[in-house]
2 protein chains.
Amino acid sequence: MTSDTKTDKPAPASGRNVTIKDLAAELDLSITTISRALNGYSDVGERTRQKVEGAAKRLGYRPNRNAQRLVLQRTHNIAWVQSDNELKYLDPHFAEVMAGVLAQAREVNYDIVLTSHGKDREIATYDRYVRDNSVDGFIVDLPREDDQRIGFLLDSGRPFVVHGREPRCDRYGWVDMDNYGNFYRLARLLVANGHRRIAFINGDEAFNYALYRHRAVRHAVADSGLPEDTVTVYNSAHPMGDAGFRLTREALADPAITAIIYSSILLLVEGYEAWAAAAPRHGQPIALATMDDVLRHIDRTRYLPRVTFVRSSLKDAGLALIDELSRQCDRHAAPQGTLIPSYFDVVPGLDPGSIDEPLPPQRRDHIG
Amino acid sequence: MTSDTKTDKPAPASGRNVTIKDLAAELDLSITTISRALNGYSDVGERTRQKVEGAAKRLGYRPNRNAQRLVLQRTHNIAWVQSDNELKYLDPHFAEVMAGVLAQAREVNYDIVLTSHGKDREIATYDRYVRDNSVDGFIVDLPREDDQRIGFLLDSGRPFVVHGREPRCDRYGWVDMDNYGNFYRLARLLVANGHRRIAFINGDEAFNYALYRHRAVRHAVADSGLPEDTVTVYNSAHPMGDAGFRLTREALADPAITAIIYSSILLLVEGYEAWAAAAPRHGQPIALATMDDVLRHIDRTRYLPRVTFVRSSLKDAGLALIDELSRQCDRHAAPQGTLIPSYFDVVPGLDPGSIDEPLPPQRRDHIG
DNA sequence: ATAGCCAACTAAAACGTTTTGGCAAATGCC
DNA sequence: GGCATTTGCCAAAACGTTTTAGTTGGCTAT
């Protein structure tokens with residue numbers, strides 16, 4: 001018995017944390033053995049392993065993460081760099097992705113380092129993380145065409161995952177919904193059901209998700225042999241506020257409009273009242289269709305019988321983002337793209353037609 | 001000249017990052033000198049310092065943060081642990097605090113580690129961070145009476161800051177608005193202006209901010225010698241959804257009600273329509289008063305002439321949270337409480353009375 | 001007996017910094 | 001010129017792990 005006093009208190013929170021060296025002293029073993037015992041190596045005796053594990057639990061030992069990070073060259077941290085647009089934090093779409101990211105990060109034992117960068121410091125912020133070894137990988141969201149961040153990260157060779165896509169998407173891991181396919185199908189659906197003047201209330205087309213949705217809708221009318229002005233596109237830079245209401249009113253000011261496609265259920269919710277107040281066209285009420293990101297505070301069933309939905313969970317996208325990063329970092333797998341599935345709920349009055357069929361061949365491998 | 005080839009490319013992003021040892025080799029100096037040169041010690045020659053800084057910039061040197069963390073016992077990380085209530089992420093109040101926290105963290109060179117914990121793993125989550133040395137301090141928000149987290153962190157001896165207060169608040173750093181004072185004043189204001197039936201649409205009283213607001217309103221009526229039922233309290237667990245509208249309707253169902261106090265401008269916004277449709281009582285329109293947290297997506301001016309506001313910025317609270325942590329961690333200052341200032345905008349029709357004066361003596365040092 | 005093998009352990013190096021306690025040369029002072 | 005001080009640099013230890021390359025001692029097979 002080398003230990004003079006026995007205390008069974010679970011680590012009395014004194015100044016210093018207990019280290020592997022303390023365990024070694026306590027048990028009269030080398031630190032090598034302690035380390036190997038705790039890391040499940042086969043060359044430590046069963047009795048010894050038990051003792052080590054017992055002591056570790058009893059003294060409340062936790063490996064010093066910074067020492068581990070230094071020697072293993074792995075931090076188990078993931079950086080999520082935000083532009084300093086503070087409106088973004090109150091966008092429910094962002095919150096939903098965050099819920100997924102945080103939940104899954106916890107599951108696979110990663111910590112999320114959330115950062116905002118100042119004006120013109122975007123690449124500098126990534127560069128710092130790459131060079132000071134403080135994270136294993138990156139989450140990039142809301143990509144644009146020819147996105148600087150992606151170019152930089154590709155060059156850096158570090159693991160990263162993009163929520164969305166752009167032209168280089170075969171060279172990195174991504175998670176995305178089928179923006180193009182979903183909106184192509186929605187537009188064709190309306191056209192196939194006789195709508196000849198359609199309003200599309202889209203998001204901010206500076207971002208690819210909205211850009212690709214726009215293209216999809218245009219292509220759908222073109223492929224149906226209809227003129228370009230079959231669809232009028234409106235943009236809302238931010239889904240909060242009154243954009244949904246305002247743009248719906250604006251769209252309805254065109255007396256020929258018979259259908260509206262919304263890029264987000266938030267826009268639909270805001271526009272719904274303006275819609276309810278609107279006069280039917282050609283004796284029919286105006287048809288509504290929207291993307292539904294499965295935001296947990298919106299009760300979709302309220303709109304179910306009146307609105308055609310295409311649904312794809314943003315929280316699932318958040319989960320998948322972390323899974324992809326974990327694949328790259330933990331399992332050293334090659335980057336891989338993941339498409340989050342989408343489901344259509346076509347309103348009873350409409351003929352669903354070819355909604356669940358593949359896109360026409362010429363539109364098959366379009367990004368978005 | 002020991003270096004064989006000269007390359008001026010800014011760190012070609014090869015596999016390995018450049019270390020202090022590389023600089024030492026490049027300049028034929030010891031790593032001690034490199035370190036001291038970069039850290040501004042006075043015992044390195046001016047010419048040498050220039051050369052070191054030049055080489056560091058040229059080769060794109062960034063100190064390995066994990067090595068620094070190990071030796072300095074400081075991580076420059078702050079943990080912000082979230083309960084796994086995912087509704088929280090889309091609460092604009094949370095987003096606003098987050099904007100402040102992230103902005104100021106960037107300013108004082110800290111990274112925010114955002115975590116969510118699983119069921120019943122709350123203290124375990126804090127415990128892990130305390131014991132594995134991965135953060136310097138903690139942000140705790142939405143405290144309750146006798147909050148477990150605060151007890152644990154007090155015992156741990158680690159720096160932390162609480163957004164809000166509870167009874168032990170003289171023993172830790174906190175940032176808070178004057179919940180009690182603000183709502184005491186609002187209630188007295190209404191009472192002083194003749195209102196005898198008041199509805200108070202409060203937040204979730206499981207949390208202290210709402211609990212203290214409730215107490216303040218009760219005390220205000222009691223101090224005015226009015227009966228308890230002068231005020232009826234309604235609670236909304238979450239400010240999103242339709243609680244504001246629903247509870248306003250419920251409150252207005254009482255024909256004697258002449259004033260409504262809202263705990264958040266979000267509730268007011270939702271209730272505003274119900275209010276606008278309501279019949280005046282005693283010939284007067286129903287008086288409205290609300291807390292305004294300066295949420296960046298709400299246009300307060302729209303309600304300005306009709307509603308009495310007490311305004312206090314949640315983003316400023318976020319900034320102050322980080323400042324307090326920085327004081328404790330960087331400057332080793334004793335924990336300190338910070339009260340974010342509040343401002344009243346009393347509606348023209350109301351006599352402001354004693355709104356800007358101190359609370360009555362018996363209410364002076366009430367927490368909250 | 002001895003070579004070979006296996007089980008169970010360990011010393012030392014490594015990860016990339018900071019810091020302590022020097023040391024040699026140059027300078028100042030009388 | 002001789003001593004003290006200052007200037008400018010450095011070797012080595014430390015932070016707490018993991019991993020490499022062993023070393024023991026006991027057992028087996030011959």
Side-chain angles (χ1 to χ4, degrees), chain A residues 11 15-53 55-56 59-77 128-136, chain B residues 11 15-53 55-56 59-77 128-136:
Chain A
R16 216 173 103 290
N17 274 336
V18 21
T19 72
I20 212 173
K21 215 179 287 181
D22 298 327
L23 293 186
E26 169 89 5
L27 297 176
D28 251 322
L29 287 169
S30 73
I31 60 170
T32 305
T33 303
I34 307 291
S35 174
R36 298 182 77 84
L38 293 173
N39 289 307
Y41 279 73
S42 63
D43 63 355
V44 16
E46 196 43 39
R47 293 181 45 89
T48 319
R49 182 191 311 288
Q50 304 270 338
K51 280 200 290 186
V52 171
E53 271 162 4
L59 302 187
Y61 169 75
R62 278 277 191 168
N64 183 316
R65 260 186 140 196
N66 301 311
Q68 284 185 317
R69 297 203 242 239
L70 181 58
V71 63
L72 296 179
Q73 319 264 49
R74 297 280 316 284
T75 63
H76 270 254
N77 274 354
R128 175 169 86 69
Y129 285 121
V130 164
R131 288 231 283 269
D132 74 4
N133 293 73
S134 49
V135 303
D136 295 340
Chain B
R16 215 174 104 290
N17 273 337
V18 22
T19 73
I20 213 173
K21 216 179 287 180
D22 297 326
L23 292 186
E26 169 89 4
L27 298 176
D28 251 322
L29 287 168
S30 74
I31 60 169
T32 305
T33 302
I34 306 292
S35 174
R36 298 181 77 83
L38 293 174
N39 289 308
Y41 279 72
S42 63
D43 64 354
V44 17
E46 195 45 38
R47 292 180 46 89
T48 320
R49 162 171 286 109
Q50 304 271 337
K51 281 200 290 185
V52 171
E53 270 162 4
L59 303 187
Y61 169 75
R62 278 279 191 167
N64 182 316
R65 259 187 139 192
N66 301 311
Q68 285 185 317
R69 298 203 242 239
L70 180 59
V71 64
L72 296 179
Q73 319 264 49
R74 298 280 315 285
T75 63
H76 270 254
N77 274 354
R128 175 169 85 69
Y129 285 121
V130 164
R131 289 230 283 271
D132 74 5
N133 295 72
S134 50
V135 303
D136 295 339

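Numbered from 1 within each chain, the chains take letters A, B, ... in sequence-line order.
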Interface polar pairs with nucleotides 10-13 of chain C, N/O, under 3.5 angstrom:
unit_1	atom_1	unit_2	atom_2	d
C:dT10	OP2	A:S30	N	2.7
C:dT10	OP2	A:S30	OG	2.9
C:dT10	OP2	A:T33	OG1	2.7
C:dT10	O5'	A:S30	OG	3.4
C:dA11	N7	A:T32	OG1	3.2
C:dA11	N6	A:T32	OG1	2.8
C:dA12	N6	A:T32	OG1	3.3

[Y] backbone acceptor or donor facing [X] side chain under 3.5 Å:
{"X": "A:N133", "Y": "B:R62", "value": "no"}
{"X": "A:N17", "Y": "B:R131", "value": "yes"}
{"X": "B:N66", "Y": "A:Q68", "value": "no"}

Using whole Å, report how far [atom1] of [X] lies from [atom2] of [N].
{"X": "B:L38", "N": "C:dT18", "atom1": "CG", "atom2": "P", "answer": "8 Å"}
{"X": "A:R65", "N": "D:dC15", "atom1": "CZ", "atom2": "C1'", "answer": "18 Å"}
{"X": "B:R62", "N": "C:dT17", "atom1": "CZ", "atom2": "P", "answer": "12 Å"}
{"X": "A:N66", "N": "C:dT18", "atom1": "CG", "atom2": "P", "answer": "14 Å"}
{"X": "B:R49", "N": "D:dC9", "atom1": "CZ", "atom2": "C1'", "answer": "13 Å"}
{"X": "A:I20", "N": "D:dT19", "atom1": "CD1", "atom2": "C1'", "answer": "12 Å"}
{"X": "B:N64", "N": "C:dA14", "atom1": "CG", "atom2": "C1'", "answer": "13 Å"}
{"X": "B:R47", "N": "D:dT7", "atom1": "CZ", "atom2": "C1'", "answer": "15 Å"}

Just to confirm, is there a sub-4.0 Å distance from OP1 or OP2 of [N] to any side-chain nitrogen or oxygen of [X]?
{"X": "A:T48", "N": "C:dC9", "answer": "yes"}
{"X": "B:Y41", "N": "D:dT7", "answer": "no"}
{"X": "A:Q68", "N": "D:dT18", "answer": "yes"}

For [X], which contact category applies under a 4.0 Å heavy-atom criterion: base, sugar-phosphate, or nothing?
{"X": "B:L70", "value": "base"}
{"X": "B:N39", "value": "sugar-phosphate"}
{"X": "B:T19", "value": "sugar-phosphate"}

Distance (rounded to the nearest 0.5 Å) between A:L23 CG and A:D28 CG: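 Rounded to the nearest 0.5 Å, the CG-CG separation comes out at 12.5 Å.
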
message: Working to the nearest 0.5 angstrom, can you tell me the gap between A:R74 CZ and A:L72 CG?
response: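 Rounded to the nearest 0.5 Å, the CZ-CG separation comes out at 8.0 Å.
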
- prompt: Which heavy-atom pair separates A:T75 from A:R69 by the least distance, and what is that distance?
  reply: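 Closest approach of A:T75 to A:R69, heavy atoms only: O-NH1, 2.8 Å.
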
- prompt: If you find the nucleotide of DNA chain D closest to A:K21 and the one closest to A:V71, which residue's nucleotide is nearer the 5' end?
  reply: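 Its nucleotide being nearer the 5' end, the pick is A:K21.
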
- request: With sequence neighbours left out, write down each residue that passes salt bridge (charged side-chain N to carboxylate O under 4.0 Å, His left out) with A:R128, or none if nothing qualifies.
  value: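 A:R128 satisfies salt bridge (charged side-chain N to carboxylate O under 4.0 Å, His left out) with A:D132, B:D111 once adjacent residues are dropped.
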
message: Among residues at least two apart in sequence or on other chains, which ones pass salt bridge (charged side-chain N to carboxylate O under 4.0 Å, His left out) with B:R49?
response: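 Listed in chain order: B:E46.
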
- prompt: In chain order, what residues pass the side-chain contact (heavy atoms from CB on, under 4.5 Å) check against A:I20, with sequence neighbours excluded?
  reply: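 In terms of side-chain contact (heavy atoms from CB on, under 4.5 Å), with neighbours along the sequence ignored, A:I20 is linked to A:I31, A:I34, A:S35, A:Y61.
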
- prompt: Can you check side-chain contact (heavy atoms from CB on, under 4.5 Å) on A:R16 and A:D22, steps first, answer last?
  reply: CA-CA 11 Å; A:R16 216 173 103 290; A:D22 298 327; 3.0 Å; yes

The helix from C:dA1-D:dT30 to C:dC30-D:dG1: angle between end helix axes, five pairs per end, rounded to 10 degrees: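 Rounded value for the end-axis angle: 50°.
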
- request: Between C:dT17, C:dC15, C:dT19, spot the one nearest the side chain of B:L72, thanks.
  value: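 The listed nucleotide nearest to B:L72's side chain is C:dT19.
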
